[in-house]
Number of protein chains: 2
Amino acid sequence: MNRKRSSSATLGDVAQLAGVSSATASKALNSRGEVAPATRRRVLKAAEELAFQPNALARGLTSGRTRMIGLITDELGGRFAIPILLGVENALGNEQMSVLLCDARGDAIRRRHYISTLVARQVDGLIILGDRNDIRPSLTSEIPVPVAYVYGESDAPDDLSFLADDEGGARLAGEHLVSLGRRRVGHITGEQTYRAARDRASGLQAILEEQGLPLAGGAPLYGDWSQRWGRQAASILLGRAPDVDAIFCGSDQIATGVVEGLRDLGRRVPEDVAIVGYDNWEVFAAECRPPLTTVDLNLQQLGATAVEHLFGVLNGDQLHGVIRQPGRLVIRESTGPPAATEGPSPHR
Amino acid sequence: MNRKRSSSATLGDVAQLAGVSSATASKALNSRGEVAPATRRRVLKAAEELAFQPNALARGLTSGRTRMIGLITDELGGRFAIPILLGVENALGNEQMSVLLCDARGDAIRRRHYISTLVARQVDGLIILGDRNDIRPSLTSEIPVPVAYVYGESDAPDDLSFLADDEGGARLAGEHLVSLGRRRVGHITGEQTYRAARDRASGLQAILEEQGLPLAGGAPLYGDWSQRWGRQAASILLGRAPDVDAIFCGSDQIATGVVEGLRDLGRRVPEDVAIVGYDNWEVFAAECRPPLTTVDLNLQQLGATAVEHLFGVLNGDQLHGVIRQPGRLVIRESTGPPAATEGPSPHR
DNA sequence: CTGAAAGCGCTTACAG
DNA sequence: CTGAAAGCGCTTACAG
């Protein structure tokens, strides 16, 4: 009905149409101060008619809050950033907040540059997304607003970090295998330089020790985070522990390779060897033959949790330290009880 | 050296330290108007000392430009959004611009909501990211700033859309196979409801017709975008065209399934059947046995191209219509000349 | 309950 | 070349 205007209506336009001052219009619109009900109605109606949307810039300038959060990632392309980002974006959206996204590509110069850009844009807070759940130098001293470190732990004890609970995730995997009656559990995983790999290994070993079980093959097999390594490692492990009846893998990609390697070697999954992956990366876990039982890191929830706590800090909470997001086991067909008979049997 | 202050320095602080008015300080900092060289130096020095960063909110309020672009995706989780987003983010960063990210999750209500939020935040322009390179209703009438549609075409002829060139990509695949001497080329792809699938099929068929070659199997095999379908379709196609010597697949995931299916049926890749995938999705294309020759959509470049054109529009260019981003062929080991002898031969 | 005034931090004509 | 003033669109004491 109304003629389109190139620039949209301002508070002043609303006030004028409602026949009040812009101060009163502001109060009516923000449910602040005492405004006569009739006045409020008129203002609301005027705002409605003009499709009034308050200018967020002006609002931010006066209120000191922009309702924007800066998010700096290291590697958007990696497969961990996206689910976390989704969780963050969703949690922020629920609070009418927006996210300014920057990808530093693992470059410290770029990261500094983005931090100062975001600060200049007056973000209310910052989320620093790591790429490997590991410890990194704190950046907080350069940042005058609250910061949450996610999937990467700040080395400053006063900072607030959110990590995936890799030890706990590995325990879930180990408990599951043991509860199925598996007794000779091996571990094939990624690069030992990753804390994620070490934590998963120690989580598995802890649960095995509690059960009085050894780790099949003696030690975890560390290697690349690749299918290729999975195939190769499967044959190494079978050499060291021919009677292995379960393998916990450090990623779904590795697990896919392990399954292929086992198949090439004539072992059946899960009858002869049960396999648990890690990550619940659907395209691998669900498409594997057989589909993989795996640990889901709940990364989306990790992002949401970080945002919730960051809101707490914005509202004055004093929080610091490390918060670990528990994972969950997703059971598919690569695990089950061992075959009834001993050794590979011709179950059709 | 300097004591940290809770709120950062303003232009006024800089002006005071330099002993000039804030108007002059502003001009000196923005290389605008005539400012005495000595004055400029003093201002710059003062700004440096105070680590002055202009408040982007205030700047946006006066200048009318925020140097922020809104980006609305449908499905951040999908595998097309991220590379495009990376290209966009990178191109924007080069121009000192930032991106406000929103994921509408394919929900029209959410999308509308985000559009008005972004407009209220005074973004300079908007990028609407599609999830399937298909035609969709224009949203431009609700948006008072320039809009670019990416990986999704607006149905309004005055809008500006950026698409991956699927026909062209398929032609690259087809030409490659023909140039290798393959003559019985089949096509296994995803759901026919996707324009991407139809365009790729027609691109392939066009090139085959130009060469006077039929499509092996008579018609493209449409199905799921999954490995499972690839495996299944491989056997269907072999049934219909036992002499097939090449298969162009609609995705790397399908291609991976096709390779598995062919192996199960005793065909060698590439000796007996050459395979070309689509997407250059590294975890599939590079990890496949053998690694896949495939078409890279250049999605990152697509994002960058969209941003560059959007800048043009922001600067007054009149642009509309569809711009197609060419793909490129990535040659790996799943293609090569046919085996010298006829039929499967025991090449060691 | 309502409104005039000041202010957020910057930029941009306009005088001088 | 420099600066006082007005203004971007909103909010917040403060009078009335």
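Note that the coordinates shown come from a computational prediction; the quantities given were computed from them, not determined experimentally. Below, read A as the first sequence line, B as the second, and so on, with proteins coming before strands; counting in each chain starts at 1.
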Problem set entry | Check: A:Leu129 main-chain N/O paired with A:Thr73 side-chain donor or acceptor under 3.5 Å |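 Here the side-chain-to-backbone pair does not exist.
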For this session: Give a yes or no on whether the backbone of A:Phe311 and the side-chain of A:Asn315 come within a donor-acceptor separation of less than 3.5 Å.
Result: yes
Seminar exercise, completed: To the nearest angstrom, the CD-C1' distance between B:Gln16 and D:dG3 comes to 15 Å
For this session: Report the residues that fulfil ring-ring contact (aromatic ring centres under 6.0 Å, His included) with A:Tyr149, sequence neighbours left out, ordered by chain and then residue number.
Result: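 None.
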Exercise. Does a donor on one side chain and an acceptor on the other come within less than 3.5 Å for B:Ser138 and B:Asp155?
Worked result: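 Per modelled atom types, B:Ser138 and B:Asp155 side chains form no pair under 3.5 Å.
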For this session: Answer yes if the side chains of A:Asn30 and A:Arg59 hold a donor-acceptor pair under 3.5 Å, and no otherwise.
Result: yes
For this session: Measure across A:Arg121 and A:Met68 and return the closest heavy-atom pair with its distance rounded to 0.1 Å.
Result: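 Result for this residue pair: O-CE, 3.6 Å.
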Problem set entry | From CZ (A:Phe162) to CD (A:Gln325), nearest 0.5 Å | 10.0 Å
Exercise. Should the pair A:Glu75-A:Arg132 be classified as a salt bridge under the 4.0 Å nitrogen-to-oxygen rule?
Worked result: no
Exercise. Should stems be defined as at least three consecutive Watson-Crick or G-U pairs with both distances under 3.5 angstrom, which of them involve DNA chain C?
Worked result: C:1-3 with D:14-16, C:5-12 with D:5-12, C:14-16 with D:1-3
For this session: Going 5' to 3' through nucleotides 9-16 of chain C, assign each nucleotide B (protein heavy atom under 4.0 Å from a base atom), S (under 4.0 Å only from sugar-phosphate atoms) or - (no protein heavy atom that close).
Result: BBBBB---
